[in-house]
There are 2 protein chains.
Amino acid sequence: MKVEEALQILKEHGYKYTGKREEMIRICAAEKRYLSAKDIMERIKEQYPTLSFDTVYRNISTFVELGILEETELEGEGRFRLACSADGHHHHHVICTECGKTSSLPGCPMNVMASVPEDFQVTGHKFEVYGTCKECVAQSN
Amino acid sequence: MKVEEALQILKEHGYKYTGKREEMIRICAAEKRYLSAKDIMERIKEQYPTLSFDTVYRNISTFVELGILEETELEGEGRFRLACSADGHHHHHVICTECGKTSSLPGCPMNVMASVPEDFQVTGHKFEVYGTCKECVAQSN
DNA sequence: CTTTAAATCGGATTTGTTCTGATTTGTTAC
DNA sequence: GTAACAAATCAGAACAAATCCGATTTAAAG
């Protein structure tokens with residue numbers, strides 16, 4: 001997803017434009033990486049030093065609801081990245097547990113592995129591979 | 001896994017036997033379901049009304065380390081169930097997001113979907129299907 | 001420009017979890 | 001069985017992530 005697309009989605013849903021929202025989206029767009037709310041706060045402080053964490057959290061959940069951000073959870077805290085499944089076709093990620101960097105995996109296990117018991121009404125699924133990326137492996141030596 | 005097995009594992013690793021530990025394991029063994037720390041506390045209070053949450057949390061993490069419990073995360077809190085992948089062969093679960101009930105899925109996407117980029121040093125993976133079980137669907141009507 | 005609802009602020013609050021220091025309990029050696 | 005020691009537990013303080021709240025500011029529509 002591109003920054004402009006994300007802003008368009010906000011507009012379409014009747015949300016107001018604010019520089020803070022745009023900047024948050026820009027920050028997420030700048031890295032193929034899951035960021036924590038704290039990471040985003042840190043980066044946005046350069047431009048908006050007084051931004052409150054309430055604003056960051058509230059906007060993040062708006063973005064997640066609208067499908068602008070994708071969410072996961074690492075070490076007990078929420079992590080976010082600009083949605084990319086929406087772009088082409090649905091896929092999953094390899095995630096570096098050190099730095100949050102991601103790499104796409106082709107395909108989805110739901111297509112390959114049938115046989116979900118029929119008495120479950122399926123609402124979603126998660127497939128994530130965890131590991132350490134090249135850079136983080138190097139750094140830990 | 002059976003309660004006796006779990007106690008055996010504790011013993012082998014030099015952990016002491018306590019009634020509280022056994023009861024915690026029994027509680028988890030009694031249900032094919034992910035329980036929160038709070039769920040476990042609630043159930044154990046019948047027998048050990050003064051048990052502190054510190055003890056519950058500490059024992060849970062010991063159990064997870066030893067592979068007695070499996071861990072996941074639902075709605076921002078840790079959930080636990082008696083390990084069953086260890087029993088037969090490795091597999092994954094469909095999980096009811098209402099009540100934590102689980103159902104096994106045969107196989108593992110890691111076997112089916114090769115192609116993890118080689119510059120990632122893989123340490124783990126998660127495949128979970130979420131939904132609402134028959135009972136919880138019925139209840140919400 | 002005025003109006004109004006949405007967004008933001010700043011700080012208090014809540015929730016899940018971990019830490020700390022004092023006390024109790026299982027286990028081992030006698 | 002008893003003594004001694006390390007591990008386990010207790011109670012509550014502390015912590016971190018996330019949410020809530022009332023007051024203020026701001027984007028956008030008329």
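All chains are named by letter (A, B, ...) in the order of the sequence lines, taking the proteins before the strands, and each is independently numbered beginning at 1.
Around atom CD of B:E12, more than 12 heavy atoms belonging to other residues, nucleotides or ligands sit under 6.0 Å away. Applying the 6.0 Å contact sphere to CD of A:E46 captures no more than 12 heavy atoms from other residues, nucleotides or ligands. Atom NZ of A:K134 sits in a sparse spot, with 12 or fewer heavy atoms from other residues, nucleotides or ligands closer than 6.0 Å. Summarising the local packing, CD of A:E135 is surrounded by more than 12 heavy atoms from other residues, nucleotides or ligands at distances under 6.0 Å.
At distances below 3.5 Å, not a single donor-acceptor pair connects side-chain atoms of A:E98 with backbone N or O atoms of A:C133. For B:T97 (side chain) and B:G131 (main-chain N/O), a donor-acceptor pair under 3.5 Å exists by modelled atom type. Side-chain atoms of B:H91 never come within 3.5 Å of backbone atoms of B:S104 as a donor-acceptor pair (strictly under, hydrogens ignored).
In this structure, CD1 of B:I40 is placed 14 Å from C1' of C:dG16, rounded to the nearest angstrom. Distance, B:M41 CE to D:dA11 P: 11 Å, rounded to whole Å. One atom, CZ of B:R79, and another, C1' of C:dT17, lie 15 Å apart when rounded to the nearest Å. The interatomic distance linking B:E77 (CD) with D:dA18 (P) rounds to 14 Å, in whole Å.
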**Report entry** Intermediate values then yes/no, ring pair (Phe, Tyr, Trp, His ring centres under 6.0 Å), B:H125 and B:H90
**Finding:** CA-CA 12 Å; B:H125 67 281; B:H90 172 72; 5.2 Å; yes
Report task. Before giving the answer on side chain to side chain donor-acceptor pair (under 3.5 Å), spell out for B:N59 and B:T62 the whole-Å C-alpha distance, their side-chain angles and the decisive distance to 0.1 Å. Result -> CA-CA 5 Å; B:N59 283 337; B:T62 303; 4.7 Å; no
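Only A:T50, A:L51, A:S52, A:F53, A:D54, A:T55, A:R58, A:N59, listed by number, bring a heavy atom of residues 46-66 of chain A to less than 4.0 angstrom from any atom of DNA chain C. Within residues 30-39 of chain A, the residues having any heavy atom closer than 4.0 Å to DNA chain D are, in order of number, A:K38. Near DNA chain D, defined here as any heavy-atom distance below 4.0 Å, the residues from residues 7-29 of chain A are A:K16, A:Y17, listed numerically.
Each of A:E31, A:R81, A:H93 was evaluated against A:T102; a single residue qualifies, A:R81, per the side chain to side chain donor-acceptor pair (under 3.5 Å) test.
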